[in-house]
Amino acid sequence: MNRPSLLGLGLAVVGTAAIAGLSRLPYDATPSGQALLRLSWRYQPDGSSGCRRPTEEELAELPPHMRNPNACISAPVPYHLTVVIDGETIVDERILAGGARQDRPVFVFREFDVAAGEHEIEIRFEARPEEPDGTEPLSLSWAEPVMVRPREIALIGYDRETGRLFRHVGGQGP
Amino acid sequence: MIGMMRTSALGLLRRLDRACNRLYGWKYNPMYQTGTIAVLMLVILLITGVYLLLFYRIGSPWESVATMTGQVWGGRWIRTLHRYASDAAIVAIAVHALRMFAQGRSWGPRTLAWVSGVVLTGVFFLCGWTGYIMIWDTQGQALAIEGARLLDQLPIFAEPIGRTFATADTLPGAFFFMNLFLHIVLPIGVGVILWLHVSRIARPALMPPRALTWTATGLLVAFSVFWPIGMTEQASATRLPGTMPLDLFYSFWIPVSRALPVWAGWVIVGLTSVTLLAVPAWTRPADERRPPASSVNERHCTECYQCSIDCPYEAIAMVPREDGRFDFVARVDPKLCVSCGICAGSCKPMGVGPPGRTGRDQLAEARAFLRDQRPGAESVIVLACSQSADWLLARHAVDSDAQLFTYPVSCAGSLHSSTVELMVRAGVGGVLIATCPPRDCWNREGVTWLDARVNHGREAELLKRVDRQRVRVVNAAEGGATGLVASIRAFVSEIEGRAPAVAERDIIIDEECEPVPETERPETIGTGP
């Protein structure tokens, strides 16, 4: 049987070095001069508005353990998100709330690559109920010039207390 | 298509095997040890992981890893070793899978091993993924975000997971607790699946030879000390990562994923998974080409237990027999039998083996060969294992030598010693058995059992009355084709220097075997009458 040779040992060293080297390949994750606009918020409408209590007939159709007379029954409300960057409409789309019956909160999570620098950004987020119930539907908007440095993320969120969209600064709230 | 891929892969592996045999010798050839090297890496990961766990803080993940990295005499090289071992494991697993695919060891009874191996790789990969997220540097964040982007495409999460990493710089400790929990639980899963992976084989080899174990570990430790990994900047919700080191083995998919739409990522993941999991179906030969499972001729079974002990796949059990001749009889489970034929070589009365390849079939074939070819008293017959030696010799045309006869056998381990006995007693000058290296036997233990039967009296042994000077076992990997041909030529010269062999007339082959002592017998199914 052969004994491992010096050349073999040398190749083993090279192989191990290759593993160590491939473990840390330099990767430029963000092209130079790129920044990001990120929209991230959760919106849950006030449970008391825009809904009604179940009728006796509706309750009777349910299994006994699911008969909740105080349940809030509402028609699903579609939302609409519009994002305009430097006058160009990037997003103009319908967003549905979560859950099979669309009775869960609506989540917005969108990211847009932008060049570093100043941009005019306009965001609109509004409810567009198909069956208006007389109450004022949600309508949020945010329009500001935004200055983003290279690799910076401009994060737009929703503040439940004030009911407004806002820009996070340093990862903090409004 | 699959056949072409297998042939190409086999050609590549044979070239690498030959090169590594020259450099390391067959015993320490890492190409033959990929499965055990992967297990060795797992052991290193467990040991180093326990140490790192002592210093990891879920409340300040990046800071705690940075502290460890600052410990020149402890944390830094141990953390680096943890990383390098996980990378080396991926390389070992990939080569191991390629070898099993190329050698056609991926279908039928081996389906469980293949599928569990694919799942094992997936779990291993997930484990590495959670390991990177634990650090919470830019690479960890990139893995987390891209993973979340994929998962958010599935309609199963009420809230987009990506939001977790998008809103605030300080993530809740619960996130890192869950991640740490997964990083600890997944290796337990690896252990369970590894058990499943080897559950259908007897006497699984889990660790490489000691010299290889220490060399591999030593190299990784040396590189960990002299080329340690560092830290990149802490992940941030308000800053995009810049240039960062990417671990090709675990993060190779990030650039691809970022360049493609999410649905395309899922299509790639789905197609890759289905392709790998479907390999057993794709590599299974057509019914007419599928080698049949072994069967037992109960008339010849003498309850010696040897075939059930020797079977490398635990496909033979001893079950109660009802004809009153003995208490138990061997029974082959066709669902577990890979048709390696090793049982044929283990059965002295020649009562078991795949149809057409039992000891009796081998004897009949050998008698026909001797009758037709008439090898002389100075001739050498090379019994060449078709997986290695026969393939090597085909390129060197040793048959052009009038004294040499090549006689392919499906696996050297399935060769019945009576075949060798018959050839020697028939007056052939010499019999040389050319085998695969023990660590590369396509049927796991064929070479080991052959050596034991020829040289160490293991049932069904080559009887003492056979002149050992006329029998030689050669490892075909030793020196490659040139080495094998040189060994054959040397044996021919040796035979030429001896007195001419004497042919016996009316050769009777002994078929009686010695039963295995009760203490060495495996478990039986049921009890005897």
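We name chains A, B, ... by the order of the sequence lines, and we start the count at 1 in each one. All figures in this text were calculated on a predicted structure; none of them were measured in a lab.
Ion pairing between A:Arg167 and A:Glu152 holds under the 4.0 Å rule for side-chain N and carboxylate O. A salt bridge is defined here as a Lys NZ or Arg NE, NH1 or NH2 lying under 4.0 Å from an Asp or Glu carboxylate O, and A:Arg151 with B:Glu233 meets this definition.
Neither the backbone nor the side chain of A:Arg149 has a heavy atom closer than 4.5 Å to any heavy atom of chain B. Residue A:Ala154: no heavy atom, backbone or side chain, is found under 4.5 Å from chain B. Proximity to chain A (any heavy atom under 4.5 Å) is shown, for B:Ile229, by both the backbone and the side chain. Only the side chain of B:Phe223 comes within less than 4.5 Å of a heavy atom of chain A; its backbone N, CA, C and O stay farther away. Only the backbone of A:Pro150 has a heavy atom closer than 4.5 Å to any heavy atom of chain B.
Contact count versus chain B (heavy atoms, under 4.5 Å) is highest, among A:Arg42, A:Glu111, A:Arg38, for A:Arg38. Top candidate by heavy-atom pairs under 4.5 Å with chain A, chosen from B:Gly162, B:Ala142, B:Pro437, is B:Gly162. Interface summary for chain B: among A:Thr30, A:Leu7, A:Leu36, the most heavy-atom pairs under 4.5 angstrom belong to A:Thr30. In terms of heavy-atom pairs under 4.5 Å with chain B, the best-connected choice from A:Val13, A:Val108, A:Leu25, A:Asp28 is A:Leu25. Contact tally against chain A (heavy-atom pairs below 4.5 Å) for B:Pro255, B:Pro30, B:Ala88: the top residue is B:Pro255.
Ring centroids of A:Trp142 and A:Phe125 are separated by 6.0 Å or more, keeping the two rings apart.
Checked against ring-ring contact (aromatic ring centres under 6.0 Å, His included), B:Trp129 has the following partners two or more places apart in sequence or in another chain: B:Trp253.
Heavy-atom neighbours of A:Arg67 CZ from other residues, nucleotides or ligands within 6.0 Å: above the threshold of 12.
A cation-pi contact, defined as under 6.0 Å to the ring centre and within 45° of the axis, links A:Arg24 to B:Trp227.
A:Ile156 pairs in a side-chain contact (heavy atoms from CB on, under 4.5 Å) with only one of the listed residues (A:Val83, A:Ile121, A:Leu39), which is A:Leu39.
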